[in-house]
Amino acid sequence: MSPLAAEEFTRGLLRPGAVPLHLSQIADAEFAARFAIHRNNVRAARTEALRQGFPVLERLLGAEYFSALADVFVQQHPPRSAAFHEYGAELAGFIEAFVPLAQMGYLADIARLEWARLRAFHAADAPVPEVDALALGGLAQLLEAPLRWHPSVTLLCSAHPVYRLWASQLNQAPTPGAQDWHGENVLIWRQGLQLRTEPLDELGCLLLRHVQRGGSLTGALARADIGVQAGLGRVAGLLVWQVFQQVD
Amino acid sequence: MNSLALRGGAGVAFKPVHFDALLANPGRVDFIEVHAENYFGEGGLLHAQLAELRRHLPLSVHGVGLSLGGSERLDSQHLQRLKELCLRYEPALVSEHLAWSSHAGEYLGDLLPLAYNHVSLERVAGRVQHLQEYLGRQILIENPAAYLRLAESDMPEVEFIRQLCHRTGCGLLLDLNNLLVSCHNCGGDPSRYLAELPAEQVGEVHLAGHARVALPRGELLLDEHGSAVADATWSLYVEWLVLAGARPSLIEWDRQLPAWSVLAAEVDCARALQCNPYMPACGGGASA
């Protein structure tokens, strides 16, 4: 393809009606009909990539609205990589700035949650502390050691009940109503090969953030200023969830 | 077995939904193929499955998004990730398309046609050579499914492919469904195309289903990978086997996935034809 022809062909693909008839060897109407196959393929591939990555967002918006939204998004943020599972990083920010959806601020956080799930699914593998295999001495060492988040972890703090909204679309929780509409924190990560999405309370968030800043779990517990029993229970839970990896 | 070069046999385009069935009996196929870009992520379930299957089966890595037919520099990050994938899984075969799919840094997500002339031959040959040097191995180039023939073209596709092989030493991935689709849509005789191909360069064959769509001036065939291999494609496969012999042959079924048993039956069909390349006449019924 010459650079000029590729430019004209691409413009025709992305703008309805702009068929580059002069590139054709066949009659105009026939070329236009055949060219439309490629145009439809391009549109369908991009919309489908977003549909696969953001299924709950699609359910909340409805398939038709989602497709229309995808068309506008694709124009502003076309995919740069042939790995379609990496497409959609800007969708949450785009929705936040999309005036017709301004009243539904939770949609952007649903997009953030689904993007985090996509990232977690494909994130690098990393060795995690095996709590089951630890002797007591090992456990004490682990609590003192600097840790970091597993590469798959995202902590999403939302002003909306984003976990229950997401789970309700998978029929795993009732839809939150106005009377119990409050912010939620959601932890998204991969436990081994299993993709996990769980609500997290303030203590869990505090522990995670302390570790993210390079602190140890005992340091985090001291900072949390809570009872030993509650603190250790939460730390054990996070270790079993395999959200940390050890720093070499 | 999996360290040997593939010389024949039949495989499937692997889909995660078929992982358990395939792992329970890997010998049901001779190799598997995956789209390279689906494995550009770093870890997780997809890589765990592929690593496990790779212990039992040879692998073919099939790229769909490098845009070898494009007019810009090859995406260096894409090249790097393809190389890492090859180092990680040591595939028996690596292939890409004679098509373009990106422009001005934007990925278009479709395999788009290029003009067949000496200028584009020069450009594509340079890029194929670069890819082979970068990966340190021969790659197979797949003939496209064409819906359009461009005004800038001044040589037949098969001639373009012959010269591309000659210049770069690349191999060919002969997609018989694409060949039928292109000949139907843009003119040409599939048998003549087969006869004119450098058969010794063909390292793999693709078999797939196609769809039909009505356009103002007649029916067009679409390469859609959503159905069983068409009878006409099996017939062409027999013709190829008689002409050139067996090659690793892939059943490409990428959407509206069937049950594993249906896919495995298609593999059986390809294997059987490799042993005995004979196709009864279709649709005739008993006659005097």
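Lettering of chains follows the sequences in order, A, B, ..., and the numbering in each one begins at 1.
- Of all the listed residues (A:P78, A:P20, A:A120), the one sharing the greatest number of non-hydrogen pairs under 4.5 Å with chain B is A:P78.
- Among B:R123, B:E152, B:H103, B:E37, the residue making the largest number of heavy-atom pairs under 4.5 Å with chain A is B:H103.
- Contact between B:A151 and A:S24 at its shortest, heavy atoms only, is CB-O, 3.4 Å.
- Using a 4.5 Å cut-off between heavy atoms, A:L14 contacts chain B through its side chain alone, with no backbone atom that close.
- Only the side chain of A:R190 comes within contact range of chain B, with heavy atoms under 4.5 Å apart.
- Both the backbone and the side chain of A:S81 come within less than 4.5 Å of a heavy atom of chain B.
- When each of B:F40, B:Y116, B:W100 is scored by its heavy-atom pairs under 4.5 Å with chain A, the top score falls to B:W100.
- Contacts of A:Y87 with chain B are absent, with no heavy-atom separation under 4.5 Å from either backbone or side chain.
- Under a cut-off of 6.0 angstrom, the local environment of CZ in A:R15 is sparse, with at most 12 non-hydrogen atoms contributed by other residues, nucleotides or ligands.
- Around the CZ atom of A:R43, the shell of radius 6.0 Å holds no more than 12 heavy atoms that belong to other residues, nucleotides or ligands.
- At least one donor-acceptor pair closer than 3.5 Å links the side chain of A:R34 to the backbone N or O of B:Y147.
- With a 4.5 angstrom heavy-atom cutoff, A:E7 touches chain B via backbone and side-chain atoms both.
- For A:H38, the parts sitting under 4.5 Å from any heavy atom of chain B are the backbone and the side chain alike.
- Here A:I37 contributes atom CD1 and B:N185 contributes atom CG; the two are 7.0 Å apart, rounded to the nearest 0.5 Å.
- A donor and an acceptor atom, one from each side chain of A:T10 and B:E106, are nowhere located under 3.5 Å apart.
- Heavy atoms of other residues, nucleotides or ligands lying less than 6.0 angstrom from CZ of A:R213 number more than 12.
- Of all residues in residues 44-69 of chain A, those placing a non-hydrogen atom less than 4.5 angstrom from a non-hydrogen atom of chain B are A:A45, A:R46.
- For a residue to count as touching a neighbouring chain, one of its non-hydrogen atoms must lie under 4.5 Å from one of that chain's; by this rule B:A48 touches chain A with the side chain only.
- Of all heavy-atom pairs between B:L148 and A:F35, the closest is CD2-N, 4.0 Å.
- Looking at A:A6, the atoms closer than 4.5 Å to chain B (heavy atoms on both sides) sit in the backbone and in the side chain alike.
- Shown here for A:A33 and B:L215, the closest heavy-atom pair between the two residues is CB-CD2, 3.9 Å.
- Ranked by heavy-atom pairs under 4.5 Å with chain A, the first of B:A36, B:G63, B:P113 is B:P113.
- B:D154 meets the side-chain contact (heavy atoms from CB on, under 4.5 Å) test with B:N117; sequence neighbours excluded.
- In this structure, A:A83 and B:R81 approach most closely via the heavy-atom pair CB-NH2, 4.1 Å.
- Counting heavy-atom pairs closer than 4.5 Å to chain A, the top residue among B:L108, B:L112, B:L114, B:L45 is B:L108.
- Contacts with chain A were tallied for B:V124, B:V119, B:L46; B:L46 has the most, counting heavy-atom pairs under 4.5 Å.
- Applying the 6.0 Å contact sphere to CD of B:E196 captures more than 12 heavy atoms from other residues, nucleotides or ligands.
- Heavy atoms closer than 4.5 Å to chain B are found nowhere in A:S152, neither backbone nor side chain.
- Taking B:D110, B:V64, B:N38 one by one and counting their heavy-atom pairs under 4.5 Å with chain A, the maximum is reached by B:D110.
- The number of heavy atoms from other shown groups lying within 6.0 Å of CZ (B:R127) is above 12.
- Atom CZ of B:R192 is surrounded by 12 or fewer heavy atoms from other residues, nucleotides or ligands within 6.0 Å.
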